[in-house]
Number of protein chains: 2
Amino acid sequence: MTTDSARRAPSSAPAGSTRQAQKQRTREKLMDAALDLMEAGRGFSSLSLREVTREAGVVPAAFYRHFRDLDELGLALVEAAGVTLRRLLREARRQGLPPTQVLRSSVLIYKNYVKQNHRYFRFAASARGGGSPAIRKAIRIEESHFANEMAQDMRDMNLMPRLSMDTLSLICGLVVTTMMNAATDILDLPEGQAQAETEMTENFILQLRLIFLGARSWSPGR
Amino acid sequence: MTTDSARRAPSSAPAGSTRQAQKQRTREKLMDAALDLMEAGRGFSSLSLREVTREAGVVPAAFYRHFRDLDELGLALVEAAGVTLRRLLREARRQGLPPTQVLRSSVLIYKNYVKQNHRYFRFAASARGGGSPAIRKAIRIEESHFANEMAQDMRDMNLMPRLSMDTLSLICGLVVTTMMNAATDILDLPEGQAQAETEMTENFILQLRLIFLGARSWSPGR
DNA sequence: GACAATAGTGAACACTCGTTTACTCAAAGT
DNA sequence: ACTTTGAGTAAACGAGTGTTCACTATTGTC
């Protein structure tokens, strides 16, 4: 009887919102739920549809309004993770390289970035090898896009101008692999073990240095 | 009534065998069953206990005579995969390095080895990121053991004598990561696409060359 | 040759699973 | 103001899940 309009909405719309906006919100709730469930260390392929909907606070049947099956949700997560990854590259591009200790500071930035967006990295790490073939392929494609973009950036910044674009892509491919591998190391770091952390970080830096050292003495004509 | 003794064994013992030998055989049947189920591209973490026992031709309850749960079976598989991996190293050690084109021929040998033992590599690739924390950790340990062994071999063969053991381990760690990554590429190769295969192989060779080029110009004192 | 140990069986349990169906009821379209 | 649309609900289904228990029958031991 009051003018309170929120009372009249027991189920779906929680507040002012267009229809498709609300749908989008539920879609994101489902994706978030999947990411949340993986935070305990479980792999994406061990999640169940009902679990995800339960975590999202939605009835199982509602799932089908958004995805055909878990695989399709996984593909959506791959895309979201890809966007997250590109954002890293874009930020690095915008602020330019720090004058000294380029490698070390890049690694530190990356480490923080992985920790901040650990949900996406955890998903990627778990589905990269363990997911369905479709998801694996999507991740692989996303990675190579990222590597190519990175190579293009290096060309634009006139780093290693002697090297062909193909060679730059090769190098970046190796860098990306190393980065993804380091990401899983970062995520599995035991809490509060400062020593293990710096050790891992130092190792990561040295690996990248090794790669770029190789790049520097790479003969351009193969 | 006949002297045929095989007739009298409808369930357990199929032929002449000691008790623990038969148990060992069933244990291997379970592990093989898990590997078989993964050949379709499924990840280890999506297998169910009943599926595995069904594939092994054994009743579900029998599983518990061998493993506490699937995780424990996974750990046994990690160990078996580790043995397989070491065998590669041992063979390479025994026959020594081919005089020319060391890298290229090593890669070809490795490629064949991965294809021959694809079941273990598929398992490792799927459980490396997607498995339970315990399994992931076990794989990580196995990999670093392998890298250290490889580094020790390089020292023994007097390759890169300028470099410290720590540096060699670092290099080999990167090599192992690259190898594992290449293994999943090899396994996902579409059948009969010769061009994609040589392309992937060439890329793999170049990545390793890049690493060793970096190693050659690595300054020993850090 | 009787006895204990145990690898594998078969049935049952209490769940969880993915999917389908008919439904409600607020938003969007007219 | 009405009708249409469709996101989310509630309930049910059949199938598959992990685990338990009492059991059978063969191997190894005294």
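Just so it is clear, the values below take in all heavy atoms, side chains as well, and ignore hydrogens, waters and symmetry mates. Just so we're on the same page: letters track the sequence lines, and every chain starts at 1.
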[X] bridged to [Y] by N-O distance under 4.0 Å:
X: B/Asp32; Y: B/Arg119; value: yes
X: B/Glu142; Y: B/Lys137; value: no
X: B/Arg93; Y: B/Glu149; value: yes
X: B/Asp185; Y: A/Arg140; value: yes
X: B/Arg50; Y: B/Glu55; value: no
X: A/Glu28; Y: A/Lys23; value: no
X: A/Glu51; Y: A/Arg42; value: yes
X: B/Glu72; Y: B/Arg27; value: no

At under 4.0 Å, does any side-chain N or O of B/Gln22 touch on OP1 or OP2 of C/dG8? yes

Report the distance from atom [atom1] of [X] to atom [atom2] of [N], rounded to the nearest whole Å.
X: A/Lys23; N: C/dA26; atom1: NZ; atom2: C1'; result: 16 Å
X: A/His66; N: D/dT9; atom1: NE2; atom2: C1'; result: 13 Å
X: A/Arg65; N: C/dT21; atom1: CZ; atom2: C1'; result: 11 Å
X: B/Gln24; N: C/dT6; atom1: CD; atom2: P; result: 17 Å
X: A/Arg27; N: D/dG6; atom1: CZ; atom2: P; result: 17 Å

Would you tabulate the nitrogen or oxygen pairs shorter than 3.5 Å linking the protein to nucleotides 14-20 of chain D?
from	atom 1	to	atom 2	distance (Å)
D/dT17	OP1	B/Ser48	OG	2.8
D/dT17	OP2	B/Arg54	NH2	2.5
D/dG18	OP1	B/Leu49	N	2.6
D/dG18	OP2	B/Leu49	N	3.3
D/dG18	OP2	B/Arg50	N	2.9
D/dG18	N7	B/Arg50	NH1	2.5
D/dG18	O6	B/Arg50	NH1	2.9
D/dT19	OP2	B/Tyr64	OH	2.7
D/dT19	O5'	B/Tyr64	OH	3.2
D/dT19	O4	B/Arg50	NH1	3.4

Enumerate all atom pairs, one protein N or O and one N or O from nucleotides 28-30 of chain C, separated by less than 3.5 Å.
from	atom 1	to	atom 2	distance (Å)
C/dA28	OP1	A/Arg19	N	2.8

